[in-house]
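Reminder, nothing fancy here: chain letters follow the sequence lines and each chain counts from 1.
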2 protein chains.
Amino acid sequence: MNANLTRYLRNYIDISDDEVELFQAALKTKTIQKKDYLLKEGKTCTARYFITKGYFRHFYIDTKGNEQIVHFGIENWWITDYASLVNTTPSKMYIQAMEDAEYLELSQDALEALYIKLPKIERFFRIIMEKTYIASQQRIEYMFSLSGKQLYETFILANPEFANRVPQYMLASYLGLTPEFISKIKSK
Amino acid sequence: MNANLTRYLRNYIDISDDEVELFQAALKTKTIQKKDYLLKEGKTCTARYFITKGYFRHFYIDTKGNEQIVHFGIENWWITDYASLVNTTPSKMYIQAMEDAEYLELSQDALEALYIKLPKIERFFRIIMEKTYIASQQRIEYMFSLSGKQLYETFILANPEFANRVPQYMLASYLGLTPEFISKIKSK
DNA sequence: GATAAATCTTAATCATGATTAAGTGATCCT
DNA sequence: AGGATCACTTAATCATGATTAAGATTTATC
């Protein structure tokens, strides 16, 4: 029984110990080595992953062959490719461990059974999706309104600990900038 | 009883006629005149709106004083400001009717009562949020990968009818471009 | 129908940040 | 330890698309 996940659940829904156990019974604890993949292009994503240790990057390969990072996944966050998971279509995405990592796997099949057994889980993921969507919209607003320099500085300010954990060139990719440009920002 | 909304509900969940009626009873049918606002900056958003006629723009005023459009809302779509609605905080956004319009208003209070009376509505909005989030992610990918010209052409191709309905300068704002640049694209 | 307001166009100049290229340190691997 | 890959830096050049400014055209209003 994962204490962080329990706390996380209870942030959003009222849930008894028994119900938490039912939820956690649907999860498989797994480990993965640095640089290995949770998902690769062409595979259909069939699960959501709750990260308990390490961090992941979620990226695709664009038309010029560059790896474009769309998200980082860190401890106590869910990571998955919703486009592939929800529509059961082959993914265009990669999800890769950036450190040796641990996570809880919630397969879509197990989740659908849970929705029936425990309808409040439906509520939980409804709320999670609302939060996730709001964050996505916030990011779009930043992309519209901020200069490259401001994007970088806003990220560093909001995620100071994480910024040191990630190679600069991956941060650049996530922000839609080049490593050279980040270098230029920092030198001033 | 709105036939479009019923069809829309049944795209996502199994729901009886009686239950549809219960859902529709929570909705208020309203009209609004062109250029009037569903939401203004500083007000807290307290409802979701299902558009049945006309279209809306959802925008904020950026630091330079420009209106930045984040979304258009068209017939048979929901529109609301999730950031304000979910966190019950004053909105930074405006939602404005671009034509004389009709919509169904679902207040957050009514929705929360519905979640309890009719838990499958929780499921419905969980699914809607997943779809909405996937669209938001797709948009971020476009913003990363496409040139201004490609952004414009992709939008026109995906929304040919709508592109004629919207002034060019608003489309420019939505795409993060200037009207002058759109003009340049079209002249070639 | 006349006037005003809103929208679109053209063209010159400018700025942000990409691209290219080279070089410098780190870190990993045997 | 030595070589190789990986990560970061610097600097010159380039391109996309913004800004500015003016004019043209369309639409709304009385």
Centre of A/Tyr174's six-membered ring, under 6.0 Å away, within 45 degrees of the axis: is that where NZ or CZ of A/Arg139 sits?
-> yes
Heavy-atom check, side chain of B/Tyr94 versus side chain of B/Phe56, under 4.5 Å | no
Can a side chain N or O of B/Thr178 be found less than 4.0 Å away from OP1 or OP2 on D/dA18?
-> yes
Are there more than 12 heavy atoms of other residues, nucleotides or ligands under 6.0 Å from atom CG of A/Asn11?
-> yes
When we call it a touch if two heavy atoms are under 4.0 Å apart, what does B/Ile182 touch: a base, just sugar-phosphate, or nothing?
-> nothing
Pairing residues for B/Tyr152 by the ring-ring contact (aromatic ring centres under 6.0 Å, His included) criterion, not counting sequence neighbours | none
To the nearest angstrom, how far is B/Tyr152 atom OH from D/dT16 atom P?
-> 19 Å
From the options A/Glu130, A/Glu122, A/Glu112, select the one residue that forms a salt bridge (Lys or Arg N to Asp or Glu O under 4.0 Å) with B/Arg126.
-> A/Glu122
Taken to the nearest whole Å, NZ/B/Lys149 to P/D/dA18 is 15 Å
Rounded to whole Å, CG of A/Leu146 lies from C1' of C/dT16 at a distance of 14 Å
Of the nucleotides C/dG17, D/dG17, C/dA11, which has the atom closest to the A/Leu177 side chain?
-> C/dG17
From the options C/dG17, C/dT20, C/dT10, select the nucleotide whose nearest atom is closest to the side chain of B/Ser183.
-> C/dT10
Rounded to the nearest angstrom, tell me the gap between atom CG in B/Leu151 and atom C1' in D/dT16.
-> 12 Å
Backbone N/O of B/Asp62 and side chain of B/Asn66: donor-acceptor pair under 3.5 Å = no
Would you kindly give the CD-to-P distance between A/Glu180 and C/dG23, to the nearest whole Å?
-> 16 Å
List for me each residue that meets salt bridge (charged side-chain N to carboxylate O under 4.0 Å, His left out) alongside A/Lys92, sequence neighbours excluded, and say none if there are none.
-> B/Glu141
Out of C/dG17, C/dC8, D/dT20, minimum distance to the side chain of A/Lys184 belongs to C/dG17
Which of residues 161-172 of chain B have a heavy atom under 4.0 Å from DNA chain C?
-> B/Pro167, B/Gln168, B/Tyr169
Can you tell me the distance, in whole Å, between the NZ atom of A/Lys64 and the C1' atom of D/dA15?
-> 11 Å
Nearest-Å distance for atom pair NZ/P, residues B/Lys35 and D/dT27 = 14 Å
Nearest whole angstrom, please: distance from the P of D/dT16 to the CZ of A/Phe181.
-> 18 Å
